Amino acid sequence: MRMKQLFYSALALMLFLPSFLSYPAHAAAAEGKITSKDEVVYATLNASGSLENVYVVNTLEVARAGEIFDFGAYSSVKNLTDLTEISQEDQTVRMTAPEGKFYYQGNLEDNTELPWAVSISYSLDGQEVEAAELAGKSGHVEISIDITGNDQVDTVFYENYLLQVSLLLSNVYQNIETSGGMVANAGKNKQITFTVMPGKEEGLSVSADVEDFEFQGVDIAAIPSTLPIDTSEMDNMTDDMSELTDAIGKLNDGVAELKDGVSQLNNGAASLQDGSAKYKNGINQLDTSSSELVNGSQSILEALRTINQSLTGQSNEMDLSSLTALPSGLTQLGNGLKEVTEGLTSLQENYALAYDALDGAIQEIPAEQLSEGEIASLYGSGANAEVLDRLMASYAASQKVKITYEQVKEAFAAIEPTLTQISGSVQGMSGQLISIADNLTTALDEMDMSGLDQLQAGLAALSTNYNEFHSGLTSYTKGVSELSSSYSQLHSGISELTGGTSELNSGVVELHDGTEQLYEETEDLPEKMQEEINQMIQEYDKSDFEPVSFVSPQNEKVTSVQFVITTESIKKEEKETKTTAPEKEKGFWELLLDLFR
């Protein structure tokens, strides 16, 4: 009897409880107040990237408990906070919420689209395959992910949201390769992470050698790119660029001065070569004429000796018929010496011109020596090393020519005075011979033999002096021959120097063209850099972005909207195993009746 009473009491309690629990729903709810709203959009894609379903978890910050409203094109809604019901009419969601955070889920309609279009493709050993066919296969696998903007959705999310794309690869993946992705260890697995900047379309890929392929899928998180870009260090960077531009300008100015100096060096070397060529021709001409000069002098010397010997006998024993031919011979000899004098004078004048040209050209070669520090600084300036090598070779050659010339300059300078002295001596001898011939002619005409002794003494002295002159002339011509041979080598060096300075001049002109172009291209580098920085800041600094609702423009006080997008995994089919059917669970009434049995 007591058991039956307990049963009826419990039954009455169960009948009364539903009406008691439902009572607050019929009570009039006061108007609540929302201060903020957060949305987390969860989307599931298939293995190829096609959208399958989307739902949103809404978090409402309720400042005052009561009836509140939210908006969204939901196919259904679900309370995630308590057991109170949520009603929906069109796109208006009504609920009674307590103070604090209130959570509810809204399942979006099937025609919903995301701000990004995702396409995923797979290839096995270079051949594209469907995702479902790849499970359990082995080989070289490549997973390609293409992310583009979806113009069917408000572009505010595509333009302001940063995407983080992640792939978790198990230990069956080996030799992982990726372009632009960051590979990190996640236990025994590998985590591949890509970052897609706001407003950018990207093609991402991962390849690896796989055995018994399975894939957990792709995870994509989208959040506002609200991190501000710190520009405090940018000023220092642009200042450094300004210093670099100034340095390039100074380098260009220095190369311009170098070009002018090398141009002057090249012009001087050309003048030096011209002067050296004239000098070489003159000294060669002198050397060539030396043998004729010596031979002519030898003939004169022998003639003087013959005449002197002819006059050494007694006057009364001399054959006067032969003596009458002497004045003519002396006159011819004098005229011959006169021609020699004219040749020596012309040679002296040409030599003087050639020597002046040579001396002036060599004097234009700078005498200042470059220090090792200056040479090192020049090589460290960033100028073309090959051009600098040619410059230093020409510099060394020019210095060698200048030093060599200084060593032989005294010998060069002595040639012109010697030629002048020889020319004067020969001219004096020519005058003496012609004078003797005239006197002898007069004496013969008058048949005055008293002057023969005086003539004999004069010719004897002339013969002796001319013998000394001839010996000096012979030694002089030998010196000229040696000088001509030596100078040919010096002239070859000067010609090589001129060729080197010509190449150097061309190289330095090219170098200056390059530095000038570099300066022109970098002159406004700081301004261009600042423009790029400003553009980058404008493009990527989204710190002024104000969140908007993804589900409805009617929603206000939205503080955060995030997207969590995942693709389905690719797994091998599991073999079915036979299991024993579980015992049927007893219902409430059966359990209740068991209490009284």
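Since the model is a prediction, treat every value here as computed from it, not as a measurement.
- A distance of 14.5 Å separates NZ of K33 from CG of L60, quoted to the nearest 0.5 Å.
- Here the straight-line distance linking atom CD of E130 with atom CG of L124 works out to 13.0 Å at 0.5 Å rounding.
- Checking S75 against N107 by side-chain atom types alone, no donor-acceptor pair falls below 3.5 Å.
- Here the side chains of I34 and F69 are not in contact, with every heavy-atom distance at 4.5 Å or above.
- Considering only heavy atoms from C-beta on, V218 comes within 4.5 Å of V165 through its side chain.
- The salt bridge (Lys or Arg N to Asp or Glu O under 4.0 Å) test applied to K37 returns E39, D70, not counting sequence neighbours.
- Classified by interplanar angle (parallel below 30°, tilted 30° to 60°, perpendicular above 60°), the ring pair F157/Y161 is perpendicular.
- A heavy-atom distance below 4.5 Å is not found between the side chains of F194 and L163.
- For the residue pair N555 / S549, a side-chain donor-acceptor distance below 3.5 Å is found, with atom types taken as modelled.
- Under the side-chain contact (heavy atoms from CB on, under 4.5 Å) criterion, V40 pairs with Y42, V564, not counting sequence neighbours.
- A donor-acceptor contact under 3.5 angstrom links the side chains of D82 and T84, judged on distance only.
- Using modelled atom types, one finds a donor on one side chain and an acceptor on the other under 3.5 Å when comparing D38 with T559.
- For K101, the salt bridge (Lys or Arg N to Asp or Glu O under 4.0 Å) partners two or more places apart in sequence, or in a different chain, are E61.
- One side chain, H140 or D209, offers a donor N or O that lies under 3.5 Å from an acceptor on the other.
- With a 4.5 Å cut-off on side-chain heavy atoms, E214 and I570 do not count as touching.
- Looking only at distances, a side-chain donor or acceptor of T81 sits under 3.5 Å from a matching main-chain atom of Y103.
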